[in-house]
Amino acid sequence: MSGATGSLAGPRPFYRGVTGVGTAFGVFGELLQGVLPEPEGDFLVTLPIARWSVATFRGSADTGELTVWPRRKTKALRLARMILADAGRPIGGEITIDSGLPEGKGMASSSADLVATARAVANALGINLPPRRIENFLARIEPTDGVLYPAVVAFYHRRVALHSVLGSLPPMTVVGVDEGGEIDTVEFNRIPKPFTAADRREYAGLLARMAEAVGRRDLAEVGRVATRSALMNQVLRPKTTLERMLGVCADVGGLGVVAAHSGTSLGVLLDPAVPGYPDQVAAAAGACSSIAGNVAVYRCLSFDGMGMGRR
């Protein structure tokens, strides 16, 4: 994997009132997250869902001030300033972020905000900003999820780099619960990982199994690997409801349990193609409501036929 260096090439002349819009999807936790037996081997496998962050950049030639709304989205403001400076356009304007992703729950809300912001600024200026260039900027801000890529990917979230593209899966549904509270991703990633050399070898094996399962479109195996990853994560970020969620999954005939490894969410994976799927969703949602008050149903994204774009 190689990336371009230097300034972004070819911005169009800036004019007052230029506007760009960018989007990025979120995730429901991770299908798999752990540490590989290699230096800086922290990685995750994405589970994209049909919820998005939308960023709008409106430039102004009248002022050098750049602002963001909501005002707490300071990381997006920092990213926009970096991109504008690198493009040779240190101009003012406003970034507005509209997100359907809750914060601190393990749904990549911050990553989606940042990627959407990068795309909005690039669209406004008419510059090419491929994933590798965006990664270079994001690595200067915080650990980041792999929401840059329209696929299920393995991603080095701490060093902000693509490990591999695994492919696309058939549609799935997640019936999810929120255990409450919020997790700061930056602080979480400073915690030393308690995983042994044997654990790291197991994570490498799980990643190989996941890659094969995605290639075969084997949802049952995807669910088994996701469940194992959720169980292994209990030594790092334990979920108090995991055992009960495993019971719900078994009772309704789900594929497995997926965790937000650095968040507060857990979900039961379901296959919409199985007979009796509507009843299965209803049963899972009803059972989950007795575990946690905040229950939601998410549609996972499938990317068949979509290109990966330039790196």
Practice item. Verify side-chain hydrogen bond (donor to acceptor under 3.5 Å, both in side chains) between Glu30 and Thr46, making sure each step is shown before the conclusion. Key: CA-CA 5 Å; Glu30 301 82 22; Thr46 57; over 6 Å; no

Exercise for review: List the steps and the verdict of side-chain contact (heavy atoms from CB on, under 4.5 Å) for Ser229 and His261.
Suggested key: CA-CA 9 Å; Ser229 186; His261 293 71; 2.7 Å; yes

Practice item. Let me see the working for Ser302 and Ser168 under side-chain hydrogen bond (donor to acceptor under 3.5 Å, both in side chains), right down to the final yes or no. Key: CA-CA 6 Å; Ser302 187; Ser168 182; 3.3 Å; yes

Point to revise | Worked verdict on Val68 versus Glu94 for side-chain contact (heavy atoms from CB on, under 4.5 Å) | key: CA-CA 6 Å; Val68 67; Glu94 180 183 67; over 6 Å; no

Exercise for review: Please test Arg119 against Asn123 for side-chain hydrogen bond (donor to acceptor under 3.5 Å, both in side chains), starting from the C-alpha separation and ending with a verdict.
Suggested key: CA-CA 6 Å; Arg119 290 170 172 166; Asn123 287 340; over 6 Å; no

Practice item. List the steps, then state whether side-chain contact (heavy atoms from CB on, under 4.5 Å) holds for Leu101 with Trp52. Key: CA-CA 7 Å; Leu101 298 161; Trp52 287 267; over 6 Å; no

Practice item. Go through the steps to decide whether Leu36 and Leu207 satisfy the test side-chain contact (heavy atoms from CB on, under 4.5 Å), and finish with yes or no. Key: CA-CA 9 Å; Leu36 297 172; Leu207 178 55; 4.1 Å; yes

Practice item. Any chance you could lay out the ring pair (Phe, Tyr, Trp, His ring centres under 6.0 Å) test for His163 and Tyr156, step after step, and finish with the verdict? Key: CA-CA 6 Å; His163 175 285; Tyr156 293 114; 5.3 Å; yes

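In this structure, CD1 in Ile291 is found 6.0 Å from CZ in Arg244, a value given to the nearest 0.5 Å. Remark: Asp178 CG to Ser265 OG distance equals 5.0 Å, nearest 0.5 Å. Rounding to the nearest 0.5 Å places OG of Ser111 at 6.0 Å from CD of Glu142. How far OG of Ser110 is from CG of Leu138: 9.0 Å, rounded to the nearest 0.5 Å. Here CD1 of Ile141 is found 4.5 Å from CG of Leu79. Values are rounded to the nearest 0.5 Å.
When every heavy atom of Ala80 is checked against every heavy atom of Ile95, the shortest pair comes out as CB-CD1, 3.3 Å. Between Leu269 and Ala226, the shortest heavy-atom distance links the atoms CD1-CB, 4.4 Å. Met245 approaches Leu266 most closely through the heavy-atom pair CE-O, 3.7 Å. The two residues Ala55 and Ala120 make their nearest non-hydrogen contact at O-CB, 3.4 Å. Here the closest heavy-atom approach between residue Tyr298 and residue Met107 is recorded as OH-CE, 3.1 Å. Considering every non-hydrogen atom in both Leu270 and Gly254, the closest pair reads CD2-CA, 3.8 Å.
Under the 4.5 Å side-chain heavy-atom criterion for ILVMFWY residues, a single connected hydrophobic cluster contains both Phe155 and Val165. No single ILVMFWY cluster, assembled from side-chain heavy atoms under 4.5 Å apart, contains both Val174 and Val252. Following chains of ILVMFWY side-chain contacts shorter than 4.5 Å, one cannot reach Trp69 starting from Phe57, and the two form parts of different hydrophobic clusters. Under a hydrophobic-cluster definition in which Ile, Leu, Val, Met, Phe, Trp and Tyr are linked whenever side-chain heavy atoms come within less than 4.5 Å, directly or via other members, Phe28 and Val225 are assigned to the same cluster. Clustering ILVMFWY residues whenever any of their side-chain heavy atoms sit less than 4.5 angstrom apart, transitively, puts Leu242 in a cluster other than the one holding Val258.
In this structure the side chain of Pro130 reaches within 4.5 angstrom of the side chain of Asn128, judged on heavy atoms. Looking at Lys193 and Leu236, their side chains come closer than 4.5 Å, going by heavy atoms from C-beta outward. Between Val153 and Val45 there is no side-chain heavy-atom pair separated by less than 4.5 Å. Contact annotation: the side chain of Leu255 never approaches that of Val222 to less than 4.5 Å [non-hydrogen atoms, C-beta and beyond]. At least one side-chain heavy atom of Ile91 sits under 4.5 Å from a side-chain heavy atom of Leu125. Residues Arg51 and Arg299 fail the side-chain proximity criterion, which asks for heavy atoms closer than 4.5 Å. A heavy-atom distance below 4.5 Å is found between the side chains of Leu231 and Leu246. Looking at Arg228 and Leu206, their side chains come closer than 4.5 Å, going by heavy atoms from C-beta outward.
Checked against side-chain contact (heavy atoms from CB on, under 4.5 Å), Cys249 has the following partners two or more places apart in sequence or in another chain: Val257, Val268.
A salt bridge is absent between Asp113 and Lys75: the closest approach of a Lys/Arg side-chain nitrogen to an acidic carboxylate oxygen does not fall below 4.0 angstrom. The pair Glu179-Lys239 does not meet the salt-bridge criterion, since no charged nitrogen lies less than 4.0 angstrom from a carboxylate oxygen. Under the 4.0 Å criterion applied to side-chain N and carboxylate O atoms, Asp86 and Arg133 are assigned as salt-bridge partners. The pair Glu40-Arg158 does not count as a salt bridge, with every side-chain nitrogen at least 4.0 angstrom from each carboxylate oxygen. Of the charged side-chain nitrogens involved, at least one lies within less than 4.0 Å of a carboxylate oxygen, so that Glu38 and Arg159 count as a salt-bridged pair. A salt bridge between Arg209 and Glu212 is absent, with no side-chain N of the basic residue lying under 4.0 Å from a carboxylate O of the acidic one.
Checking side-chain atoms of Ser99 against main-chain N and O of Ser53 turns up no donor-acceptor pair under 3.5 Å. With Thr196 contributing its side chain and Asp199 its backbone, the two residues share a donor-acceptor pair below 3.5 Å. Under the 3.5 Å distance criterion, the side-chain polar atoms of Ser290 are matched with a main-chain donor or acceptor of Ala287.
Among residues at least two apart or in separate chains, there is no ring pair (Phe, Tyr, Trp, His ring centres under 6.0 Å) pair with a member in residues 86-124. Pairs engaging residues 197-233 under the ring pair (Phe, Tyr, Trp, His ring centres under 6.0 Å) rule: Phe195-Tyr203 [sequence neighbours left out].
Checking Leu129, Val160, Thr144 one by one against Ile134, the side-chain contact (heavy atoms from CB on, under 4.5 Å) holds for a single residue, Leu129. Only one option out of Val214, Asp218, Leu301, Leu47 pairs with Leu169 in a side-chain contact (heavy atoms from CB on, under 4.5 Å); it is Val214.
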